[in-house]
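In what follows, every heavy atom counts, from backbone to side chain, and hydrogens, waters and symmetry copies are set aside.
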Amino acid sequence: MLQFAAFRARDSQLLLVSSCKRWMSKNQAASSWELCVGLEIHAQILSKSKAFSPAPVADSLTAPPNSAVDILDAGMPGTLPRLNKRCVEAGVNTALALGCRINPISYFDRKHYFYADMPLGFQITQNRIPLAEHGAVAVGHDSPHVDAERSTSERTVTIDRLHLEHDSGKSMHTLSEQYTLVDLNRAGVGLMEIVTGPDMASGDEAAAFVQQIMLILNVLGTCDGNMAEGSLRVDANISVRPIGSTELGTRCEVKNISGLRFLSKAIEYERQRQIDVLCSGECIHPETRNFDPVTGMTVAIRGKEDDTDYRFMPEPDLPPLCVSDAYIADMRARQPELPRQTVERLVTTYSGISFDDAWLLVLEPGAVEFFEAATRGRQDEHNARPDVPVAHNNVFNWMTSELFGVLRACGQTVQTTRVAPTALRALVGMVADSTVSGLSAKKILAALAAGDDREPMALAEDMGVVQRSDAAWLADLCATVLHDNAVQTAQYRAGDAKQQTKILKYFVGQVRAETRCVHIVCGWVVLHRGRWPSMHV
């Protein structure tokens with residue numbers, strides 16, 4: 001038995017050593033390869049009608065199936081497309097925000113493939129000359145989703161092209177093998193496809209880039225960026241190459257990734273899979289793969305197509321798209337402040353606000369405007385002490401630690417809340433000058449979020465949580481309480497330490513009842529400013 005146990009211990013050690021060697025070999029192999037990631041982002045344009053037909057853009061969650069379909073979307077013969085002006089406006093606006101050059105003349109093409117949910121048998125897109133090209137977006141270590149310890153320098157992601165196209169319908173596969181349900185509500189909806197160069201070197205960088213694109217689209221109002229509902233979809237082109245090599249490896253495309261966290265996981269899994277394949281002496285086959293969020297793995301679904309498979313041809317029913325210099329200048333003049341610019345301005349303008357703090361505000365729609373409105377104005381708006389300023393750091397802390405939590409609990413957002421920036425500023429000032437305690441201020445904030453329209457000071461008075469910090473006034477009040485409770489005063493004088501402690505609590509309670517104040521201020525005055533222990537009444 002002892003000999004068997006010794007053999008087992010020796011085998012366990014050998015297994016451990018073997019596992020360690022495999023782990024070291026695997027990590028050494030991984031460290032000698034470089035990841036190259038390029039993205040194709042399909043952003044659904046916010047418009048009332050579809051890209052080439054007058055059919056309305058229906059809500060994907062509430063509209064009945066096939067309730068927003070034009071004869072063009074259904075592929076009826078004899079129908080002609082007509083370009084939606086709003087799609088051009090959204091494309092130009094987005095391209096300018098991404099630093100792209102707008103082509104004065106671009107062309108539409110037919111991309112042929114046969115899906116049940118695309119009755120036309122082709123997609124109208126821009127293959128030869130797109131609407132815009134040659135842009136760039138900076139992704140630095142201060143961006144959300146980027147690990148600052150792993151990425152200490154700013155990376156520029158090139159935008160190869162931005163072109164317009166339309167979406168396909170949606171196939172819903174049933175348990176039956178006999179049929180598939182098709183909903184054409186989405187068929188023909190306008191899309192912008194943003195294609196990047198293979199410039200990203202990690203899943204985190206790719207997620208940070210997509211996050212910035214989503215923020216830019218939201219600010220511009222060209223796409224809502226809702227990945228969960230499919231209005232923004234991402235395809236990742238992933239390859240690896242030996243470190244130092246300038247030639248790209250064979251790429252695999254992971255299609256229709258529906259979340260930033262899934263995007264990062266899919267890229268990192270595919271990176272390791274390709275390294276394992278190459279280290280085993282095999283070749284990477286160009287293919288289209290799908291990411292399974294449950295298993296965290298990518299699986300092959302088909303071989304990768306090339307341009308010849310799509311049989312591109314010029315779209316004969318649409319003329320060239322001409323964009324004038326005057327139109328571009330007008331769109332450029334109306335460009336709003338972009339998210340990266342907002343972050344830099346907040347960090348520069350408000351001392352103590354870090355890049356992480358600024359991104360926290362930028363990532364929450366409406367939070368920047370709320371924060372800046374709450375930091376304006378005067379402290380004495382709530383009739384408290386005007387000599388105590390409302391620091392922007394205090395406003396930021398109350399917004400991110402208290403207001404956001406209250407809004408989540410109430411099912412509200414910064415854009416829909418009934419809490420006004422002036423009310424939060426007044427509340428923060430009341431805490432700063434000890435008019436109310438932090439705990440009481442949280443209760444007032446909850447009441448404001450619930451719809452109470454009264455001013456914070458009026459709420460504090462009605463709740464009985466206003467603190468009096470006037471030491472002379474409280475000392476006189478303590479003297480009055482002692483005088484009105486002569487029996488307890490005599491007992492305190494004659495009692496031992498235990499009795500005095502008990503009677504002291506009684507007096508503190510009396511002062512609290514008279515002032516309706518919290519015990520912190522009152523107790524401090526009774527202990528240090530009152531007539532204890534001599535109790536000269």
Side-chain angles (χ1 to χ4, degrees), residues 14-41 139-141 143-158 195-213 227 233-305:
L14 291 174
L15 181 62
L16 178 61
V17 171
S18 177
S19 299
C20 289
K21 287 182 177 179
R22 286 197 303 270
W23 181 85
M24 292 175 64
S25 175
K26 183 176 181 180
N27 281 271
Q28 288 172 355
S31 64
S32 62
W33 295 90
E34 180 184 23
L35 176 67
C36 300
V37 180
L39 301 178
E40 299 173 12
I41 301 175
V139 179
H141 66 275
S143 301
H145 291 281
V146 172
D147 188 343
E149 295 181 358
R150 295 172 55 188
S151 179
T152 57
S153 61
E154 187 170 82
R155 184 182 297 274
T156 298
V157 178
T158 58
V195 182
T196 78
D199 302 322
M200 287 154 278
S202 70
D204 284 346
E205 284 185 357
F209 173 78
V210 174
Q211 176 83 81
Q212 289 205 45
I213 295 297
M227 298 186 76
R233 306 188 294 275
V234 180
D235 302 337
N237 293 298
I238 305 165
S239 65
V240 296
R241 64 184 176 186
I243 291 179
S245 174
T246 57
E247 185 177 349
L248 292 173
T250 302
R251 67 183 174 94
C252 293
E253 182 180 23
V254 182
K255 296 285 287 185
N256 293 331
I257 305 172
S258 59
L260 296 178
R261 186 165 55 91
F262 295 154
L263 174 64
S264 180
K265 287 186 175 182
I267 291 172
E268 294 302 328
Y269 174 83
E270 186 62 18
R271 167 184 175 272
Q272 191 59 53
R273 185 193 71 83
Q274 293 189 21
I275 291 174
D276 291 344
V277 170
L278 293 172
C279 288
S280 67
E282 300 180 17
C283 296
I284 299 295
H285 298 288
E287 57 189 4
T288 300
R289 302 178 69 87
N290 187 44
F291 177 69
D292 186 347
V294 177
T295 63
M297 301 169 61
T298 64
V299 293
I301 53 178
R302 62 176 179 267
K304 191 78 183 82
E305 301 94 342

[atom1] of [X] to [atom2] of [Y]: how many Å apart, nearest 0.5 Å?
| X | Y | atom1 | atom2 | value |
| --- | --- | --- | --- | --- |
| Asp292 | Met297 | CG | CE | 8.5 Å |
| Ile275 | Glu270 | CD1 | CD | 10.5 Å |
| Leu248 | Arg241 | CG | CZ | 5.0 Å |
| Phe262 | Ile257 | CZ | CD1 | 10.5 Å |

Short side-chain to backbone donor-acceptor contact, Arg289 and Thr298, under 3.5 Å =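 Answer holds: yes.
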
Kindly say whether Asp199 contributes a backbone atom to a donor-acceptor pair with the side chain of Arg155 at under 3.5 angstrom?
->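 Side chain of Arg155 to backbone of Asp199, a donor-acceptor pair under 3.5 Å: yes, one is there.
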
Could you pull out the closest heavy-atom pair between [X] and [Y], with the gap in Å?
| X | Y | value |
| --- | --- | --- |
| Met200 | Glu205 | CA-OE1, 3.7 Å |
| Trp33 | Cys279 | NE1-SG, 3.8 Å |
| Gly203 | Ser264 | C-OG, 3.5 Å |
| Gly249 | Ser239 | O-CB, 3.6 Å |
| Met227 | Val210 | SD-CG1, 4.5 Å |
| Ile267 | Ala206 | CD1-CB, 3.4 Å |

Is any side-chain heavy atom of [X] less than 4.5 Å from a side-chain heavy atom of [Y]?
| X | Y | answer |
| --- | --- | --- |
| Val254 | Ile238 | yes |
| His285 | Thr250 | no |
| Cys252 | Arg273 | yes |
| Ile284 | Leu278 | yes |
| Ser245 | Glu34 | no |
| Ile41 | Phe209 | yes |
| Asn256 | Asp235 | yes |

Electrostatic pair Glu268:Lys265 at N-O distance under 4.0 angstrom =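 Answer for the salt bridge query: no.
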
For side-chain contact (heavy atoms from CB on, under 4.5 Å), just list the numbers for Leu39 and Ile213, CA-CA rounded to whole Å, side-chain angles, deciding distance to a tenth of an Å, and then say yes or no.
-> CA-CA 12 Å; Leu39 301 178; Ile213 295 297; over 6 Å; no

